[in-house]
Amino acid sequence: MDNAPDYVIEMLHITKEFPGIKANDDITLQLRRGEIHALLGENGAGKSTLMSVLFGLYQPEAGVIKKDGKEVQINDPNDATALHIGMVHQHFKLIDVFTVLDNIILGAEDTRYGFLSRRAAREKVLALSDRYGLKVDLDAKIEDITVGMQQRVEILKMLYRDNEVLIFDEPTAVLTPQEIEELMEIMRGLTREGKSILFISHKLNEIMEVSDRVTVLRKGRYVGTVDTATTTQEELSRMMVGRPVQLVVEKGPARPAEPVLKVEDLRVPSRLYKHDAVKNVSFTARAGEIVCIAGIDGNGQTDLVYALTGLEKPSGGKITLCGHDITHAPIRDRSDAGMSHIPEDRHKHGLILDFTLEQNLVLQRFEEPQFQRHGFIRFDETRKYAEKLIEQFDVRSGQGPVTIARSMSGGNQQKAIVAREIDRDKPLIVAVQPTRGLDVGAIEYIHGELVKLRDEGKAVLLVSLELEEVMNLSDRILVMYEGEIVGEFDPRQTTVEELGLYMAGAKRQEVTQA
Amino acid sequence: MKNRLLKLWHQDGTRSVMASVLSILAGLVAGSLIILIVGICNPTLGLKSVWDGVRLIFGGLFATGRNAAGALTFGFNPASVGNMLFRATPLILTGLSVAVAFKTGLFNIGAPGQYLAGTAATLFIALSIPSSVVPPQIIWFLAFFGGMLAGALWGAIPGMLKSLLNINEVLACIMTNWIAANLVTWVFDISNLKNVVENTKSGYIYKTTFNNVATSKLGLDLIFHDSQVNGGIVVAAILAIIVYIILTRTTFGYQLKACGSNRFAARYAGIKDKRNIVLSMAIAGSLAGAAGSLYYLSGNTEFFWSTYQSLPATGFNGIPVALLAANHPIGVIFTGMFMSMLDISGLQMTNLTAYNEYITDVIIAVIVYLSAFSLLIKTLLGHRRAHKTDAPLKNPDPDGTQADSKADGKEALKA
């Protein structure tokens with residue numbers, strides 16, 4: 001290994017076993033100094049376990065870790081910190097009510113006679129934010145700034161601690177397309193300054209765009225490491241999933257039939273501001289078509305969905321579902337009238353994390369005669385039903401129906417929600433960012449299911465922030481900007497650029513009601 | 001066999017029980033230490049008294065007195081055990097009250113007020129309907145269910161404030177407690193029951209036996225003779241089992257727990273979260289009401305009606321009873337008995353040694369303090385175990401494990 005490249009971190013032949021499963025089986029990962037190295041794998045492929053080993057949270061059964069060519073022993077996260085390894089977690093570890101500056105210095109504060117001395121820290125943070133182009137308001141509270149800015153705070157936290165190896169755990173899952181662009185630019189800037197980046201992701205387009213090399217894991221095993229320049233998305237997804245993956249949804253032409261959902265002049269009050277979040281929105285979703293609402297996050301899509309599904313009260317307008325006026329109906333009645341809902345936030349609305357998988361799978365249906373008798377739960381029927389769904393939708397979990405939802409991986413949590421909502425077999429399915437944070441295999445699967453629902457004659461209302469998904473999946477696109485629908489498009493006759501102009505508010509057309 | 005033991009150790013419930021047992025032991029040890037310190041510092045006591053005191057702390061329930069030589073004797077003491085059961089009855093019920101609310105994500109600190117509401121309603125019914133006209137058994141049932149109903153109404157008030165106006169239930173409960181305390185005083189003050197006094201006591205309402213109404217002894221007095229025990233303990237145990245069944249077996253319990261665990265997801269699923277909050281508080285209130293009702297229907301207890309100055313401790317003691325039981329309805333039966341056993345130990349201490357019963361208040365205080373930490377202790381136990389076996393806590397799913405073990409401690413603290 002004399003003229004070997006300059007590796008800053010080497011994880012050689014790492015094996016980590018849990019009872020009943022080899023989470024990492026002889027995995028080798030070598031990070032060159034100054035590169036962006038992507039770690040690619042499906043949910044459950046062992047990415048997080050490998051990173052936990054690097055962070056000292058787990059001790060591997062076999063294998064060695066080298067830092068700058070020297071073998072090191074990492075027993076706990078403090079050791080990792082001492083070796084200048086830092087991580088931006090998928091869910092940020094910030095204190096909401098503290099200022100940006102206080103969050104950055106937390107745990108590494110300078111003190112003077114026992115008092116906090118922020119002056120030097122402020123200068124250092126300002127210098128860092130200048131150098132790396134990380135614009136933040138140091139005196140703003142975390143709860144007041146955007147998710148993208150919170151992420152920059154996390155990055156500054158790592159830089160403040162002089163970390164040279166930066167791990168990004170699925171950093172784009174929570175960001176808007178614009179913020180993702182900015183993040184990529186920041187990451188490139190960091191490597192120019194000599195930092196090395198490990199980028200955990202399963203979004204192929206991002207990996208292709210930003211990384212230098214990719215290491216692929218599958219089911220706990222090492223598949224290979226390739227140079228990004230010499231590979232393709234198709235190749236990577238084949239390595240990751242183990243079979244060729246359909247990246248573009250295959251679907252025939254839509255055959256729209258009778259209207260299922262009719263929205264007229266809907267107005268929804270904003271939860272934060274005085275003006276309406278949704279202003280006089282009208283549209284129709286017909287049986288047998290996928291209608292997509294596109295737009296940049298925060299343009300009223302969430303409020304629109306809340307009003308449609310009954311989580312929020314509209315202040316005006318009318319919603320008709322299968323001929324029933326549901327404008328002011330309780331949630332249960334909307335469900336009975338024919339609506340199922342894959343919610344945007346799977347932890348807040350989609351699941352009760354402390355309940356078991358089977359309890360979650362009957363969340364809306366527990367009162368149906370199939371699952372209860374005289375108010376007593378029919379445990380055997382619930383179990384049978386859960387097993388059927390788990391089997392049919394390939395929901396993977398540690399202990400099957402009795403797994404606590406919290407312990408499942410994000411992809412499988414989402415699959416469980418999708419399984420539950422699809423199996424309720426309603427004429428309208430409202431799917432809000434159904435593939436957020438999921439890997440290619442799961443995305444392919446969920447897209448396929450949505451198309452299948454359409455072909456069965458259901459109306460699908462898709463709300464998505466990802467233009468690729470919008471273009472791929474929908475039969476009709478409605479663009480939302482500042483609470484209004486500013487354009488209606490046929491995906492075959494428009495471009496991403498055109499949509500982008502409408503999403504940014506640069507253009508608008510008068511939409512005649514469909 | 002070893003595997004089965006290991007599996008048992010791995011269960012969540014085992015950890016809860018262990019955490020509670022540790023809190024209890026720590027409390028008893030702390031009490032013993034105080035006995036020791038007081039004994040050493042006080043010239044009239046000495047080491048022999050210390051040894052007696054410590055033995056009474058751990059085994060006061062089974063103390064039978066002193067023998068001719070002046071040494072403490074231990075054995076089955078039917079009066080002590082019977083009194084323990086009698087005093088456990090209201091504690092079990094207020095403990096249940098707090099536990100049910102906890103399951104729905106509510107902190108019912110209003111048990112004292114609900115207890116008073118139940119007591120007042122029960123006494124009015126039990127003493128106002130003449131037993132010469134209506135059979136006493138029927139009066140008993142009316143009084144008991146009247147007490148539960150009054151408690152339920154009193155509990156439903158903070159429930160409604162919470163669900164309709166989003167007022168924190170702790171604040172509302174504290175206020176309704178004092179409203180109850182004053183209201184009960186006023187109601188008895190204007191009634192003609194307040195002057196019913198026995199012997200030289202004043203300010204007390206007559207025992208319900210004055211009207212021939214009392215809880216049936218169910219033959220328990222034959223086993224535990226010379227004690228105050230009655231069928232109330234059986235009623236409390238049955239109520240605990242009913243609550244357990246409701247929470248674990250019924251769709252209603254499923255809804256309550258869903259609201260408690262994640263109100264947003266429950267609402268998303270079409271569960272009426274507001275209605276469930278009111279119902280949960282009403283059930284909690286009815287249990288606290290039943291506690292007051294059974295205590296004063298015993299026939300051996302008199303109610304001091306001028307309650308406006310203080311709230312009944314039984315109501316507040318429901319909180320540690322529920323905490324120690326980790327809000328498990330069946331566990332509450334045992335922790336309620338344990339708390340009343342401490343009372344008995346205190347009495348025995350006063351009777352048999354120069355120490356006074358307030359030592360047991362210290363023990364209770366330490367246990368209450370630690371039981372608030374029992375979730376933390378539980379988490380620590382879990383971590384130790386995780387280190388020992390070097391395995392993830394619950395699941396072999398490699399991607400989920402890391403998040404899970406980290407979340408575990410945090411969630412426990414949050415809860």
Side-chain angles (χ1 to χ4, degrees), chain A residues 16 18-24 43-49 51-52 57-59 91 220 309-311 330-336 341 343 345 347-355 359-360 362-364 366-367 371-372 375-377 379 396-399 403-404 406-412, chain B residues 3 6-7 10-12 103-105 242 245-275 383 386-387 389-412 414-415:
Chain A
K16 174 71 203 163
F18 294 118
I21 194 161
K22 261 191 181 171
N24 285 167
N43 292 311
K47 295 173 304 210
S48 297
T49 307
M51 287 306 107
S52 302
L57 292 166
Y58 296 139
Q59 300 306 317
H91 301 283
T309 55
L311 288 166
I331 294 172
R332 179 63 59 84
D333 294 0
R334 291 172 201 242
S335 170
D336 292 343
H341 175 199
D345 189 332
H347 288 177
K348 185 178 178 189
H349 289 120
L351 293 169
I352 296 181
L353 290 174
D354 292 320
F355 274 20
Q359 285 175 317
N360 271 297
V362 294
L363 201 55
Q364 294 101 335
F366 64 96
E367 274 179 324
F371 300 113
Q372 58 102 9
F376 285 86
I377 300 167
F379 290 101
R396 286 181 211 162
S397 60
Q399 292 135 292
T403 316
I404 301 293
R406 187 184 297 285
S407 71
M408 290 164 60
S409 68
N412 281 303
Chain B
N3 271 342
L6 213 68
K7 208 173 156 194
H10 277 234
Q11 269 168 9
D12 196 55
K103 287 276 183 195
T104 321
I242 290 174
I245 290 173
I246 287 176
L247 283 178
T248 55
R249 310 256 146 198
T250 65
T251 54
F252 177 54
Y254 174 89
Q255 289 185 55
L256 288 184
K257 285 188 291 183
C259 291
S261 201
N262 183 346
R263 197 173 156 186
F264 300 104
R267 194 182 297 162
Y268 151 85
I271 295 170
K272 294 193 170 58
D273 59 328
K274 293 187 172 174
R275 194 191 63 169
H383 275 270
H387 269 278
T389 57
D390 197 24
L393 293 181
K394 289 170 201 143
N395 75 93
D397 174 5
D399 247 22
T401 43
Q402 184 206 347
D404 182 48
S405 59
K406 264 188 293 187
D408 200 46
K410 242 182 297 165
E411 289 311 311
K414 228 188 287 168

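Letters go in sequence order (proteins before strands), and every chain restarts at 1.
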Counting heavy-atom pairs under 4.5 Å with chain B, the top scorer among A:G375, A:G220, A:G310 is A:G375
Note: A:I377 and B:T250 closest approach over all heavy atoms is CD1-O, 3.4 Å
Most contact-rich option vs chain B, by heavy-atom pairs under 4.5 angstrom, among A:N360, A:L351, A:T309, is A:L351
Has B:Y254 got a side-chain atom pairing as donor or acceptor with A:Q359's backbone, closer than 3.5 angstrom? yes
Just checking B:F264: does its CZ atom have more than 12 heavy atoms from other residues, nucleotides or ligands closer to it than 6.0 angstrom? no
Review point. Can you tell me if B:Y268 uses its side chain to pair, donor with acceptor, with the backbone of A:H341 under 3.5 Å?
Key: yes
| Under 3.5 Å donor-acceptor, A:D354 side chain and B:A258 backbone | no
Given B:A266, B:A265, B:G253, the one with more heavy-atom pairs under 4.5 angstrom with chain A than any other is B:A265
Chain B shares the most heavy-atom pairs under 4.5 Å, among A:E367, A:Q364, A:H347, A:K348, with A:K348
Check step by step if side-chain contact (heavy atoms from CB on, under 4.5 Å) holds for A:F376 and B:I245. CA-CA 9 Å; A:F376 285 86; B:I245 290 173; 3.7 Å; yes
Between B:A269 and A:I331, the two heavy atoms sitting closest are C-CG2, 4.5 Å
Should B:T251 and A:Q372 be marked as a side-chain contact (heavy atoms from CB on, under 4.5 Å) after you check the CA-CA gap, both sets of side-chain angles, and the distance that decides it?
-> CA-CA 7 Å; B:T251 54; A:Q372 58 102 9; 3.6 Å; yes
For the pair B:N262 (side chain) and A:L353 (backbone), establish whether a donor and an acceptor sit closer than 3.5 Å, ignoring hydrogens and angles. no
- [ ] Report, as yes or no, whether the 6.0 Å neighbourhood of atom CZ on A:F379 holds more than 12 heavy atoms from other residues, nucleotides or ligands.
- [x] yes
Turns out that what part of B:I271 lies under 4.5 Å from chain A's heavy atoms comes down to both
